[in-house]
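Comments concern the structure below.
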Amino acid sequence: MITCSAPGKVYLFGEHAVVYGESAICCAVELRTKVHVEKSDDIIIESTLGTTGIDHAIHPYVSYAIEKMQPLADIKGIRIVIESELPVGSGLGSSAAVTVATIKALDLLFECKLSLEDIAEMAHEVERMVQGNASPTDTYVSTMGGVVMIPQRKRLPLIECPIVIGNTNRFSSTKELVGNVAKLRNEFPDIIEPILSDIGQMSLLAEELVHEKDYGTIGRLMNVNQGLLDAIGVGSAELSDLVYAARNNGAISSKITGAGGGGCMIALAEDDTASSIAKAIEDAGGEAIITRNTKEGVRLETLNGQ
Ligand code: PMV
């Protein structure tokens with residue numbers, strides 16, 4: 001049996017603006033989806049969603065990933081078991097992580113010798129097959145790990161402070177929110193375009209600050225980014241509650257991560273403030289997870305149980 005894992009991601013800066021070609025900074029987090037694979041008589045996929053064969057309704061990402069690998073590997077029978085620390089559908093990149101980890105595990109089991117670039121590319125194609133349209137960001141960051149500037153694909157140094165995630169547990173549709181921003185931009189181009197451009201400028205400014213590990217200034221800019229996300233209409237009362245609960249309890253900064261509407265927010269913390277920020281997020285009705293930026297993207301966990 002081979003076990004591979006791949007991380008989820010958060011946005012420090014730039015969601016929504018990146019749709020219009022502006023820069024964003026994404027950060028892989030140490031919350032992983034693990035995929036165990038072994039050869040078997042039939043194709044079997046097991047997760048908390050159930051046990052199926054190839055099933056594009058229940059296990060779409062894994063099913064399409066197997067089909068994508070079939071021209072390269074003689075996959076007749078295979079048992080795949082999925083375990084995830086990432087909440088599903090909350091903007092943390094759970095679908096990218098399961099896709100990337102499945103492709104890597106099949107690559108190793110069938111000795112296809114794919115490069116990381118190949119894996120990122122194939123995983124992006126799988127996401128497009130499932131979703132119709134998908135940005136390459138999640139699959140790229142999950143494959144490569146670390147901190148990545150998008151669309152340049154520039155690797156930046158690690159963010160070395162705890163990151164507290166607050167999940168509203170409210171479903172958010174990326175497609176719908178991206179559509180709402182597009183409508184607003186069409187209606188008020190002279191107002192919305194500068195906002196999106198300012199968000200992109202913040203990512204560019206933050207690049208140097210990440211090198212300098214100046215988390216205080218990064219945090220001030222993240223808070224400005226949060227204000228601009230609210231301005232373009234992707235906030236919600238629940239997200240604001242969690243954002244301010246974090247800020248009022250010692251967070252360096254806090255903002256929405258991903259599409260907004262529902263989903264998650266993040267706070268940058270110090271080692272000694274992370275748990276009180278997490279508690280404040282929980283008291284404000286969210287579900288908190290304390291995590292960190294991880295330099296490792298997709299990786300082999302164990303080979304034959306070792
Ligand atoms: O919530 P997520 O992880 O799907 O992030 C969406 C990020 C957007 O910039 C809003 C859309 C995109 O495709 O980049």
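Remember, it's a predicted structure, so these values are computed and weren't measured experimentally. Ligands are counted one by one from 1 in listed order, and the atoms in each one are counted from 1 as well.
Sequence neighbours left out, the pairs with a member in residues 262-275 that pass side-chain hydrogen bond (donor to acceptor under 3.5 Å, both in side chains) are D271-R292.
Heavy-atom neighbours of K183 NZ from other residues, nucleotides or ligands within 6.0 Å: at or below the threshold of 12.
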Table of N or O contacts for ligand 1, cutoff 3.5 Å:
from	atom 1	to	atom 2	distance (Å)
ligand 1	1 (O)	A259	N	2.8
ligand 1	3 (O)	K9	NZ	2.8
ligand 1	3 (O)	G91	O	3.2
ligand 1	4 (O)	T174	OG1	2.9
ligand 1	9 (O)	H16	N	2.8

Mind listing the side-chain donor-acceptor pairs of residues 259-269 below 3.5 Å, one per line with the distance, residues two or more places apart or on another chain?
none

Counting only pairs under 3.5 Å, give me each side-chain donor-acceptor contact of residues 38-51, with atom names and distances, residues two or more places apart or in other chains.
from	atom 1	to	atom 2	distance (Å)
E38	OE2	R79	NH1	2.8
S40	OG	D42	O	3.3
E46	OE2	R79	NE	2.8
E46	OE2	R79	NH2	3.4
S47	OG	L49	N	2.9
S47	OG	H59	NE2	2.7

Q: Show your reasoning for whether salt bridge (Lys or Arg N to Asp or Glu O under 4.0 Å) applies to K154 and E207.
A: CA-CA 10 Å; K154 200 189 272 186; E207 180 185 355; 2.8 Å; yes
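Taking a cutoff of 4.0 Å between a charged side-chain nitrogen and a carboxylate oxygen, R32 and E30 qualify as a salt bridge.
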